[in-house]
Novice: 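I'd like to ask some things about the structure below.
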Amino acid sequence: MSAFEEAIAALRRGEVVGMPTDTVYGLAADPRSPEAMQRLYELKGRPEGKPVGLLVAGIDQASELVVLSVDAQELARRHWPGPLTLVAQPKVVLPDWVGHRLTRSVGVRVPDHPAALELLSVFGPLAVTSANRSGGAETIDHVSAARVFPTGVAVWLEGTSPGGTASTVVDVTGRRLKVIREGPVAV
(Lines give C-alpha, C1' and ligand atoms only; values in the text may rest on other atoms or scores of the structure.)
Protein backbone atom coordinates (compact mmCIF):
# COMPACT_ATOMS: atom_id res chain seq x y z
CA MET A 1 0.00 0.00 0.00
CA SER A 2 1.38 3.43 -0.93
CA ALA A 3 1.72 6.25 1.62
CA PHE A 4 -1.15 8.00 -0.16
CA GLU A 5 -3.43 4.96 0.22
CA GLU A 6 -2.34 4.62 3.85
CA ALA A 7 -3.22 8.28 4.43
CA ILE A 8 -6.72 7.84 2.98
CA ALA A 9 -7.28 4.73 5.12
CA ALA A 10 -5.99 6.51 8.24
CA LEU A 11 -8.29 9.50 7.65
CA ARG A 12 -11.24 7.13 7.23
CA ARG A 13 -10.33 5.55 10.60
CA GLY A 14 -10.38 8.98 12.26
CA GLU A 15 -6.63 9.36 12.58
CA VAL A 16 -4.41 12.40 12.03
CA VAL A 17 -2.26 12.59 8.90
CA GLY A 18 0.67 14.89 8.08
CA MET A 19 0.52 16.59 4.68
CA PRO A 20 2.48 19.18 2.73
CA THR A 21 0.73 22.31 1.50
CA ASP A 22 1.94 25.33 -0.43
CA THR A 23 2.31 27.41 2.74
CA VAL A 24 3.38 25.35 5.77
CA TYR A 25 3.36 21.61 6.52
CA GLY A 26 0.02 20.59 8.04
CA LEU A 27 -1.82 18.13 10.23
CA ALA A 28 -5.08 16.92 8.71
CA ALA A 29 -8.16 15.21 10.11
CA ASP A 30 -11.66 14.33 8.93
CA PRO A 31 -13.76 17.34 9.99
CA ARG A 32 -16.86 15.15 10.34
CA SER A 33 -15.25 12.89 12.94
CA PRO A 34 -15.38 14.08 16.57
CA GLU A 35 -12.71 11.54 17.50
CA ALA A 36 -10.37 12.71 14.74
CA MET A 37 -10.83 16.35 15.67
CA GLN A 38 -10.25 15.61 19.35
CA ARG A 39 -7.01 13.83 18.42
CA LEU A 40 -5.95 16.81 16.32
CA TYR A 41 -6.62 19.32 19.11
CA GLU A 42 -4.91 17.18 21.76
CA LEU A 43 -1.90 16.44 19.58
CA LYS A 44 -1.34 20.10 18.85
CA GLY A 45 -2.22 21.34 22.32
CA ARG A 46 -4.70 23.66 20.62
CA PRO A 47 -7.14 25.60 22.82
CA GLU A 48 -10.67 24.19 22.45
CA GLY A 49 -12.26 27.42 21.23
CA LYS A 50 -9.64 28.13 18.55
CA PRO A 51 -11.22 27.33 15.18
CA VAL A 52 -9.75 25.05 12.52
CA GLY A 53 -10.28 25.80 8.85
CA LEU A 54 -10.88 23.54 5.90
CA LEU A 55 -8.76 22.75 2.89
CA VAL A 56 -10.74 21.90 -0.24
CA ALA A 57 -9.84 20.67 -3.72
CA GLY A 58 -11.33 23.60 -5.64
CA ILE A 59 -13.86 26.38 -5.80
CA ASP A 60 -16.67 23.90 -6.58
CA GLN A 61 -15.96 21.95 -3.38
CA ALA A 62 -15.75 25.24 -1.44
CA SER A 63 -19.06 26.44 -2.91
CA GLU A 64 -20.79 23.31 -1.65
CA LEU A 65 -19.72 24.21 1.91
CA VAL A 66 -19.76 28.01 2.15
CA VAL A 67 -21.46 31.10 0.76
CA LEU A 68 -19.14 32.92 -1.64
CA SER A 69 -20.28 36.32 -2.88
CA VAL A 70 -19.39 37.47 -6.39
CA ASP A 71 -16.40 39.38 -4.96
CA ALA A 72 -15.28 36.35 -2.96
CA GLN A 73 -15.58 34.10 -6.02
CA GLU A 74 -13.50 36.55 -8.06
CA LEU A 75 -10.83 36.64 -5.33
CA ALA A 76 -10.84 32.82 -5.23
CA ARG A 77 -10.53 32.54 -9.01
CA ARG A 78 -7.53 34.89 -8.99
CA HIS A 79 -5.66 33.25 -6.09
CA TRP A 80 -6.78 29.59 -5.85
CA PRO A 81 -5.05 27.34 -5.68
CA GLY A 82 -2.80 29.41 -3.48
CA PRO A 83 -2.08 30.95 -0.08
CA LEU A 84 -5.46 32.65 0.41
CA THR A 85 -7.97 31.61 3.08
CA LEU A 86 -11.52 32.92 2.77
CA VAL A 87 -13.55 33.13 5.97
CA ALA A 88 -17.15 32.59 4.91
CA GLN A 89 -20.55 31.60 6.26
CA PRO A 90 -21.25 27.87 5.96
CA LYS A 91 -24.08 26.57 3.78
CA VAL A 92 -24.11 23.31 5.70
CA VAL A 93 -24.19 22.51 9.39
CA LEU A 94 -20.59 22.18 10.52
CA PRO A 95 -19.47 20.47 13.70
CA ASP A 96 -18.50 22.81 16.57
CA TRP A 97 -14.82 22.01 16.17
CA VAL A 98 -14.71 23.35 12.61
CA GLY A 99 -14.77 27.09 12.08
CA HIS A 100 -15.77 29.75 14.57
CA ARG A 101 -18.88 29.02 16.67
CA LEU A 102 -19.71 32.59 17.65
CA THR A 103 -19.40 34.18 14.22
CA ARG A 104 -20.77 31.12 12.40
CA SER A 105 -17.93 31.23 9.91
CA VAL A 106 -15.23 28.93 8.61
CA GLY A 107 -12.00 29.47 6.72
CA VAL A 108 -11.62 27.60 3.43
CA ARG A 109 -8.60 27.38 1.17
CA VAL A 110 -7.38 25.53 -1.91
CA PRO A 111 -3.68 24.70 -1.48
CA ASP A 112 -1.32 24.90 -4.44
CA HIS A 113 0.47 21.63 -3.77
CA PRO A 114 -0.02 18.47 -5.86
CA ALA A 115 0.00 16.03 -2.91
CA ALA A 116 -2.53 18.12 -0.98
CA LEU A 117 -4.81 18.55 -3.99
CA GLU A 118 -4.75 14.82 -4.73
CA LEU A 119 -5.62 13.99 -1.11
CA LEU A 120 -8.47 16.53 -1.07
CA SER A 121 -9.79 15.36 -4.43
CA VAL A 122 -9.99 11.75 -3.26
CA PHE A 123 -10.99 12.18 0.40
CA GLY A 124 -12.88 15.48 0.31
CA PRO A 125 -12.54 18.54 2.57
CA LEU A 126 -10.12 18.20 5.47
CA ALA A 127 -9.65 20.14 8.69
CA VAL A 128 -6.01 21.21 8.51
CA THR A 129 -3.81 23.18 10.88
CA SER A 130 -0.08 23.87 10.84
CA ALA A 131 2.14 21.03 12.07
CA ASN A 132 3.50 22.67 15.19
CA ARG A 133 2.61 22.74 18.86
CA SER A 134 0.10 25.52 19.51
CA GLY A 135 2.08 28.76 19.59
CA GLY A 136 5.27 27.11 18.31
CA ALA A 137 7.25 27.64 15.13
CA GLU A 138 5.67 26.28 11.97
CA THR A 139 7.29 23.41 10.09
CA ILE A 140 7.81 23.19 6.33
CA ASP A 141 8.37 19.48 5.71
CA HIS A 142 7.54 15.99 6.96
CA VAL A 143 10.97 15.55 8.57
CA SER A 144 10.75 18.63 10.81
CA ALA A 145 7.08 17.97 11.56
CA ALA A 146 7.85 14.38 12.62
CA ARG A 147 10.45 15.72 15.06
CA VAL A 148 7.77 17.90 16.68
CA PHE A 149 5.28 15.01 16.72
CA PRO A 150 7.20 11.75 17.19
CA THR A 151 3.90 10.00 18.03
CA GLY A 152 0.24 10.60 17.30
CA VAL A 153 0.36 11.03 13.52
CA ALA A 154 -0.69 7.90 11.60
CA VAL A 155 0.93 8.72 8.24
CA TRP A 156 3.39 11.36 7.06
CA LEU A 157 3.03 12.29 3.39
CA GLU A 158 6.50 13.23 2.24
CA GLY A 159 7.04 16.70 0.90
CA THR A 160 8.13 20.24 1.48
CA SER A 161 5.91 23.27 1.79
CA PRO A 162 7.71 25.81 -0.38
CA GLY A 163 5.91 28.92 0.86
CA GLY A 164 6.97 28.70 4.49
CA THR A 165 4.47 31.44 5.43
CA ALA A 166 0.88 31.08 6.61
CA SER A 167 -1.84 32.15 4.16
CA THR A 168 -3.47 35.54 3.82
CA VAL A 169 -6.87 35.41 5.55
CA VAL A 170 -9.80 37.46 4.25
CA ASP A 171 -13.26 37.67 5.84
CA VAL A 172 -15.88 37.51 3.08
CA THR A 173 -18.94 37.25 5.35
CA GLY A 174 -19.94 40.91 5.04
CA ARG A 175 -20.56 43.33 2.22
CA ARG A 176 -16.89 44.33 2.15
CA LEU A 177 -13.85 42.11 2.09
CA LYS A 178 -11.77 42.45 5.27
CA VAL A 179 -8.17 41.25 5.65
CA ILE A 180 -7.80 39.40 8.97
CA ARG A 181 -4.18 38.28 8.52
CA GLU A 182 -1.62 39.61 6.08
CA GLY A 183 0.25 36.96 4.15
CA PRO A 184 1.69 36.11 0.74
CA VAL A 185 -1.38 37.33 -1.20
CA ALA A 186 -1.90 41.11 -1.35
CA VAL A 187 -5.60 41.94 -1.24
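The first residue in the sequence is number 1, and the count goes up from there.
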Novice: Could you tell me whether the side chain of Gln89 and the main chain of Ser105 form a donor-acceptor pair under 3.5 Å?
Specialist: no
Novice: Taking Ser144 for the side chain and Asp141 for the main chain, is one N or O donor matched with an acceptor at less than 3.5 Å?
Specialist: yes
Novice: Going by distance alone, is a donor N or O of one side chain under 3.5 Å from an acceptor N or O of the other, for Asp60 and Ser63?
Specialist: no
Novice: Walk me through whether Leu119 and Ile8 qualify under side-chain contact (heavy atoms from CB on, under 4.5 Å).
Specialist: CA-CA 7 Å; Leu119 190 63; Ile8 294 291; 3.5 Å; yes
Novice: Report, as yes or no, whether the 6.0 Å neighbourhood of atom CD on Gln38 holds more than 12 heavy atoms from other residues, nucleotides or ligands.
Specialist: no
Novice: Taking everything shown except Lys91 itself, do over 12 heavy atoms lie less than 6.0 Å from its NZ?
Specialist: yes
Novice: Is the backbone of Pro34 close enough, under 3.5 Å, to the side chain of Arg39 for a donor and an acceptor to pair up by distance?
Specialist: no
Novice: For Thr85 versus Gly107, what's the shortest heavy-atom pair and its separation?
Specialist: CG2-CA, 3.8 Å
Novice: Provide the closest heavy-atom pair for His79 versus Leu84 in the form atom of the first, atom of the second, distance.
Specialist: CB-CD2, 3.8 Å
Novice: Taking atom types as modelled, find out whether Arg181 and Thr168 have a side-chain donor-acceptor pair closer than 3.5 angstrom.
Specialist: no
Novice: Not counting sequence neighbours, which residues clear side-chain hydrogen bond (donor to acceptor under 3.5 Å, both in side chains) with Thr139? List them please.
Specialist: none
Novice: Has Glu5 got a side-chain atom pairing as donor or acceptor with Ser2's backbone, closer than 3.5 angstrom?
Specialist: yes
Novice: Under the rule for side-chain hydrogen bond (donor to acceptor under 3.5 Å, both in side chains), what residues qualify as partners of Arg133, not counting sequence neighbours?
Specialist: none
Novice: With a 4.0 Å cut-off, would you call Asp22 and Arg109 a salt bridge?
Specialist: yes
Novice: Is it true that the side chains of Ser167 and Thr23 contain a donor and an acceptor less than 3.5 Å apart?
Specialist: no
Novice: Which heavy atom in Val56 sits nearest to a heavy atom in Leu120, and how many Å separate them?
Specialist: O-CD1, 3.5 Å
Novice: Could you check whether atom CD of Glu74 has more than 12 heavy atoms from other residues, nucleotides or ligands sitting under 6.0 Å from it?
Specialist: yes
Novice: Can you tell me how far the CG atom of Leu86 sits from the CG atom of Leu177, to the nearest 0.5 Å?
Specialist: 8.5 Å
Novice: Looking only at heavy atoms, what is the nearest atom pair of Phe149 and Leu43, with distance?
Specialist: CE2-O, 3.3 Å
Novice: Is a donor from one side chain sitting under 3.5 angstrom from an acceptor on the other, for Asn132 and Ser130?
Specialist: yes
Novice: For Gly159, does its backbone N or O pair with a side-chain atom of His142 as donor and acceptor, under 3.5 Å?
Specialist: yes
Novice: Tell me if a side-chain donor or acceptor on Tyr25 pairs with a main-chain N or O of Thr160 at a distance below 3.5 Å.
Specialist: no
Novice: Just by modelled atom types, is the Thr21 backbone N or O under 3.5 Å from a matching donor or acceptor in the Ser161 side chain?
Specialist: yes
Novice: So, using side-chain hydrogen bond (donor to acceptor under 3.5 Å, both in side chains) as the criterion, who are the partners of Arg104 when residues are at least two apart?
Specialist: none
Novice: Counting N and O atoms only, with roles assigned by atom type, does the side chain of Glu15 sit under 3.5 Å from a partner on the main chain of Leu11, one being a donor and the other an acceptor?
Specialist: no
